[in-house]
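All remarks here apply to the structure that follows.
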Amino acid sequence: MKILDRYILITFLRTFFSVFIIFMFIFILQGVWLYIAELAGKDLDVIVTVKFILYYMPKLIPLVVPLTILLSSIMVFGNFAENYEFAAMKSTGISLQRAMRSLSVFIIALGIASFFFANNVIPWGEYNFYNLRKNIAKVKPALAIAEGQFNEIGNINIKVDHKSGDRGQFLDGVVIHKKSAKRKSGNYIVIIAEKGELKSSPDSNILQLELRNGNYYEEILTNNRSNSTDQPHVRSYFDSYIFNVDLATLNPEDLEEKNHSDRYNMLDVSQLNYTIDSLKTQRKDDYSALSNTLFNRSSYAALNLNIDTTKVDTIYTGKNILDLFSTNQKVQILNLAKNSANSTRQILDSNKKSFDNKQIRLNKHIIVMHDKFVLAFACVILFFVGAPLGALIRKGGIGLPMVVAIVLFLTYHFFGIFAKNSAEKGSFNPIIGAWLSTAVMLPLSIYLTTRATKDKGVFQFDAIIVPLKKLFSAKNKVQLSESDTKTYNFYKKYSLEELIGIIKNQNEYDLDKKPKEIALHNLLNRNISLEGLKSEGLEIPSKLIKARVLLNDYKAYSKTSIISFFCAVVLLGVFFIFRNNKLPELAATVKTLSIIAALFFAIYVIVDAFVYSKFYKTIELENKRINPFIHFITLPIYPLKYLVLRNKISQDFYTSCLQNIK
């Protein structure tokens with residue numbers, strides 16, 4: 001390895017490990033803060049706490065490593081550029097690609113190592129972390145009860161509105177669903193109480209729950225369904241009600257127990273491939289079972305054989321086959337059809353939810369499997385984003401590089417979160433969801449590397465901005481040569497009377513018209529009204545004064561039109577947002593406002609088109625009036641048209657003033 005390669009690599013590694021440690025420490029603190037409720041008050045020893053942090057650390061690698069690579073590369077290469085080290089390298093014929101060669105090998109090796117880490121260590125950490133959290137949550141059941149949601153403890157599901165006390169033992173607004181011994185599914189016993197208190201002893205495996213001021217509801221389960229209509233349920237009121245929960249199975253206090261190993265983020269690539277294949281096979285079997293069920297329900301064998309069809313005339317040619325049956329049979333047939341349709345719809349609805357959940361589970365497995373490969377490619381791509389960007393911005397240190405790195409990484413991360421969440425729900429292919437954020441960064445890395453290699457700026461928009469400036473800027477200035485510009489600047493020193501004298505003394509037979517134009521240009525740029533110039537002795541045609549009024553009217557009407565246009569578009573977008581979020585009242589209100597804004601837009605578009613045409617008729621340029629058909633078909637791009645016409649009408653008025661003022 002040459003001295004230059006060794007120097008660049010050592011500099012990068014020193015920065016890389018420093019930034020890595022800082023970011024890892026920050027994310028660990030954030031994780032401890034996130035899970036502080038699960039750790040506090042559990043009397044956990046130091047070893048368990050260290051294990052908790054150790055098992056939590058691997059899942060941070062997909063966040064910390066790409067961010068570290070991005071920031072380190074920006075800092076190192078920005079520092080090289082800021083200290084003119086790149087300039088020294090280029091002076092000796094060493095290009096940017098040559099300077100990045102040793103780091104490229106290291107980053108590729110780091111990407112490969114990241115894949116193996118994601119494939120082996122992260123599943124191990126997730127497996128141990130998930131099981132340790134489950135076991136810690138069982139140490140003190142009072143802390144396992146979260147407010148505002150149902151929590152399973154033993155054979156009950158309990159929900160509380162509020163907890164209080166030093167150990168969270170006092171409960172308000174308690175709702176309990178107790179499992180029935182006769183039936184495994186269903187909420188047949190419901191207990192509602194105003195107050196509650198959890199009482200337990202450290203030496204006992206029994207959790208005592210005392211409820212006060214509540215009601216007890218229980219459905220009566222009988223073998224004979226005909227009796228269930230007589231006594232559907234039992235209700236009783238209690239001042240105090242105590243029942244016990246056996247914690248022998250809930251809280252064995254074995255923090256090393258590991259019973260959960262089937263979560264998608266606990267599997268490596270081979271296990272994920274096997275699970276994905278199994279889930280696809282299971283989905284195919286479920287579809288086949290559902291289709292067979294629906295077919296059997298609608299086949300001849302499922303018909304009610306109490307209807308005698310042997311007496312049907314085989315040569316019947318009528319239009320309605322129900323005419324072959326009596327009224328009672330018609331009612332029976334229609335009821336059978338209605339019940340069959342309702343039952344089929346219920347089956348489809350229930351299976352749809354089940355299929356959606358299974359599809360989400362399958363998508364999660366696919367995304368997690370591809371994430372292991374994405375991490376390796378992200379390390380390489382983000383390096384080729386950060387290194388050339390650092391060379392281009394020419395700024396080292398921790399200030400600007402930190403800001404740029406965080407903005408880029410948040411963009412990358414939010415793209416990934418959005419894509420994965422949408423892919424999990426089936427909005428698009430889960431493979432695309434896993435790779436989208438990296439695919440977005442790939443063109444940026446190629447572009448920045450190319451720009452840095454050619455020693456150009458990050459962005460050059462002159463080819464776009466300059467024509468747009470020429471198109472949309474106010475064209476109320478004459479095109480002056482270099483000598484005429486000097487004359488124009490010289491005329492700025494003249495008084496009003498001197499400029500008017502130059503204009504009046506201009507002979508119509510003079511070949512050089514520039515002095516008059518430049519003097520008139522100075523006058524018009526001094527924002528003097530036409531009436532004021534007329535009072536000073538210049539000849540101002542009445543059509544120009546009338547055209548000036550029409551010009552001001554057009555600008556006012558067109559401004560109202562553009563405001564109405566944007567209001568209608570924005571309100572229409574808000575309408576779709578409210579409608580998609582199931583807010584029909586707000587959606588209806590916003591829709592009405594959008595229609596009103598659209599009506600205002602239509603009215604003022606017609607008015608400003610009329611004023612626009614009248615303006616050109618006044619200055620005797622009728623060939624430039626608006627074509628109604630073109631005006632109508634260009635309404636969707638009205639903002640662009642507004643800018644173009646507004647500048648065009650100002651330019652034409654200015655040109656008319658130059659030609660007619662004497």
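One-based numbering along the sequence shown. Only a predicted model underlies this, so the values are computations on that prediction, with no experimental measurement involved.
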Just one of N552, I606, V611 clears the side-chain contact (heavy atoms from CB on, under 4.5 Å) bar with Y557, so which one?
V611
Is the shortest side-chain heavy-atom distance between Y217 and I189 below 4.5 Å?
no
Under the 3.5 angstrom rule, does the side chain of S291 hit a backbone N or O of S288 as a donor-acceptor pair?
yes
Are I158 and V174 close enough that some pair of their side-chain heavy atoms sits under 4.5 Å apart?
yes
Would you say CZ of F377 has more than 12 non-hydrogen atoms from neighbouring residues, nucleotides or ligands within 6.0 angstrom?
no
Flag, side chain of N363 to backbone of A423, donor-acceptor distance under 3.5 Å
yes
Donor-acceptor contacts under 3.5 Å from residues 409-417 side chains, at least two apart:
{"from": "T411", "atom 1": "OG1", "to": "V407", "atom 2": "O", "distance (Å)": "2.8"}

Do D371 and K420 sit within salt-bridge range, that is, some charged N less than 4.0 Å from a carboxylate O?
yes
Ionic contact status for K163 with D161, cut-off 4.0 Å:
no
Do side-chain atoms of T438 reach the backbone of A378 as a donor and acceptor pair under 3.5 angstrom?
no
Can you confirm whether K159 is buried at NZ, in the sense that more than 12 heavy atoms of other residues, nucleotides or ligands lie under 6.0 Å from that atom?
yes
Side chains of D608 and S561: any donor to acceptor distance under 3.5 Å?
yes
Pairs meeting criterion ring-ring contact (aromatic ring centres under 6.0 Å, His included) with involvement of residues 561-599, two or more places apart
F565-F601
Got H177 and V175 here, is their nearest side-chain heavy-atom distance under 4.5 Å?
yes
Using 0.5 Å steps for rounding, measure from the CG atom of L171 to the CD atom of E194.
13.5 Å
Checking S422 side chain against A419 main chain: does a donor-acceptor pair fall under 3.5 Å?
no
